[in-house]
2 protein chains.
Amino acid sequence: MDVKTLCLGALKLGDATGYELKKQFEEGPFAHFHQAGYGSIYPALNALLAEGKVTCREEIQKGRPDKKVYSLSPVGEAGLQAALHQRPALDKVRSDVVFMLFFAEMLDEAHLRGVYDGYLSYFRHCLEHLQNLDDTDIPAGRRFVRGMGAAFYESMEAYLSENRQEFFATVDAQEKVAASFETKIKKTGTDQ
Amino acid sequence: MDVKTLCLGALKLGDATGYELKKQFEEGPFAHFHQAGYGSIYPALNALLAEGKVTCREEIQKGRPDKKVYSLSPVGEAGLQAALHQRPALDKVRSDVVFMLFFAEMLDEAHLRGVYDGYLSYFRHCLEHLQNLDDTDIPAGRRFVRGMGAAFYESMEAYLSENRQEFFATVDAQEKVAASFETKIKKTGTDQ
DNA sequence: ATAACCATGTAAATGGTTACATGATTAG
DNA sequence: CTAATCATGTAACCATTTACATGGTTAT
């Protein structure tokens with residue numbers, strides 16, 4: 001799913017400008033599982049316009065660039081449907097935080113705590129945001145995806161909360177063992 | 001976290017060839033939260049070698065290219081540690097499947113069921129894989145990350161299992177309503 | 001026999017991010 | 001007065017993916 005398809009999907013939910021699409025990708029219903037910035041959205045919209053998949057009406061404004069409101073065309077709707085019927089690629093996740101936690105023993109305590117607690121509050125924030133949405137009157141697909149997001153954030157929040165104390169305690173203990181071991185081998189010259 | 005850092009991390013767990021690293025990224029402990037293919041691994045290893053972050057010993061083989069076994073050097077270990085102390089980027093997820101489920105009403109039933117059940121069995125497979133690993137004697141960080149992975153897969157498996165019936169029923173119902181509505185407006189010519 | 005596995009790598013193409021460029025308006 | 005918001009876009013850069021190139025070995 002490239003940015004062009006994402007834009008078609010977002011426009012299926014209603015007309016929007018490039019600027020508004022960016023916000024939707026950041027905070028809206030796609031935020032959790034896809035992302036895009038201006039540098040990819042604006043070129044995508046121009047390409048879609050050239051392909052006839054969206055139409056554009058310009059609203060003149062004073063003091064800022066004219067607002068370009070894009071709408072999904074029937075061709076674009078067909079294109080979206082075609083993309084939705086492709087075989088889906090496997091999910092791709094990149095998480096620096098998990099990579100760092102994996103190597104917890106190599107981190108200094110302050111950094112580890114910062115990263116951990118930042119992650120936990122991030123999930124709490126996402127969960128709160130999801131729970132503040134109004135669930136009435138949305139189609140089955142969208143409701144289902146919201147529920148899945150909520151299940152995900154809840155499980156991560158729970159795991160991070162429940163294992164916090166023990167995790168830090170264990171990492172600390174192992175770091176102390178490693179440190180004393182290193183001191184020992186430096187003293188006795190057994191290293192290498 | 002670029003592929004170079006991933007390689008350093010993987011080599012921290014033990015010496016390996018490019019080929020073995022690829023497998024580790026596919027099936028090993030990083031599989032869930034980072035990915036890389038040959039096209040990025042081999043150039044990364046050569047760059048790391050030039051930077052002195054890894055060393056390489058060649059094992060001559062007959063009938064296939066000589067095996068190049070890479071090891072993390074002290075410089076590389078320091079580099080890994082430095083990377084681990086950067087501020088982590090936000091997690092990035094791209095999920096075609098979730099995007100498709102979001103637009104469930106636009107999919108034909110067979111495709112929707114295929115995608116849904118494929119996703120469910122994917123999570124089951126991952127969970128099974130995780131549960132078959134031996135948890136004794138691994139450091140706190142790695143154990144923690146495994147647990148987090150398990151929590152994630154379990155919650156997804158549970159959500160998809162529990163909501164399956166209702167999801168299809170609701171989508172079907174809404175598609176039928178939409179279809180009859182479209183038939184109606186075509187007959188009466190109210191469209192546009 | 002056929003497919004999968006072992007084992008390396010390059011080059012082109014794709015796609016996305018970041019930085020740059022501009023600048024008025026509105027809320028704190 | 002400062003920061004955030006509104007609003008568009010380009011160009012250079014970066015990273016990754018895909019396709020290509022090679023070819024013996026092992027399991028089904």
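The sequence lines fix the lettering, A, B, ..., with proteins before strands; numbering per chain opens at 1.
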When the nearest nucleotide of DNA chain C is assigned to A:Asp2 and to B:Gly18 on a heavy-atom basis, which residue is associated with the more 5' position?
-> B:Gly18
Phosphate oxygens OP1/OP2 of D:dA7: is one of them under 4.0 Å from a side-chain N or O of A:Gln61?
-> yes
Derivation of the salt bridge (Lys or Arg N to Asp or Glu O under 4.0 Å) call for A:Lys12 and A:Glu77 = CA-CA 7 Å; A:Lys12 171 80 183 166; A:Glu77 179 133 2; 2.7 Å; yes
Would you tell me if any nitrogen or oxygen in the side chain of A:Ser40 comes within less than 4.0 Å of OP1 or OP2 on C:dT17?
-> yes
In whole angstroms, the gap separating P of D:dA12 from OH of A:Tyr38 amounts to 22 Å
Donor-acceptor contact below 3.5 Å, side chain B:Asp96 vs main chain A:Ala89 = yes
Between B:Lys22 and C:dC6, does any side-chain N or O lie under 4.0 Å from OP1 or OP2?
-> no
Salt-bridged, A:Arg164 to A:Glu166, with N to O below 4.0 Å?
-> no
Taken to the nearest whole Å, CG/B:Asp96 to C1'/D:dT17 is 15 Å
Looking at B:Tyr19, does any N or O in its side chain come under 4.0 Å of the phosphate oxygens OP1/OP2 on C:dC6?
-> yes
Please report, rounded to the nearest Å, how far the P atom of C:dT18 is from the CG atom of B:Leu90.
-> 11 Å
Write down the distance between CG (A:Asp66) and P (C:dG23), rounded to a whole number of angstrom.
-> 15 Å
What nucleotide, of C:dG9, D:dG9, D:dT17, holds the atom closest to the side chain of B:Tyr70?
-> C:dG9
Quick check: does any side chain N or O of A:Arg124 sit under 3.5 Å from a backbone N or O of A:Glu157, one acting as donor and the other as acceptor?
-> no
How long is the line joining CD of A:Glu20 and P of D:dC6, in whole Å?
-> 9 Å
N/O (side chain, A:Thr17) to phosphate O (OP1/OP2, D:dC6) under 4.0 Å | no
Interatomic distance, A:Ile60 CD1 vs D:dC6 C1' [rounded to whole Å] = 17 Å
Please determine if B:Arg113 forms a cation-pi arrangement with B:Phe168, meaning its NZ or CZ atom is less than 6.0 Å from the six-membered ring centre and no more than 45° off the ring axis.
-> yes
Could you check B:Asn46 against A:Met1 and say which one's nearest nucleotide on DNA chain C is further toward the 5' end?
-> B:Asn46
Give the nucleotide from the list C:dT10, C:dC6, C:dT17 with an atom nearest to the side chain of B:Lys23.
-> C:dC6
Spacing of B:Phe25 atom CZ relative to D:dT17 atom C1', expressed in whole Å = 15 Å
Are B:Tyr42 and C:dT8 close enough that a side-chain N or O sits under 4.0 Å from OP1 or OP2?
-> yes
Measure the distance from CD on A:Gln24 to C1' on D:dT5 and round it to the nearest whole Å.
-> 17 Å
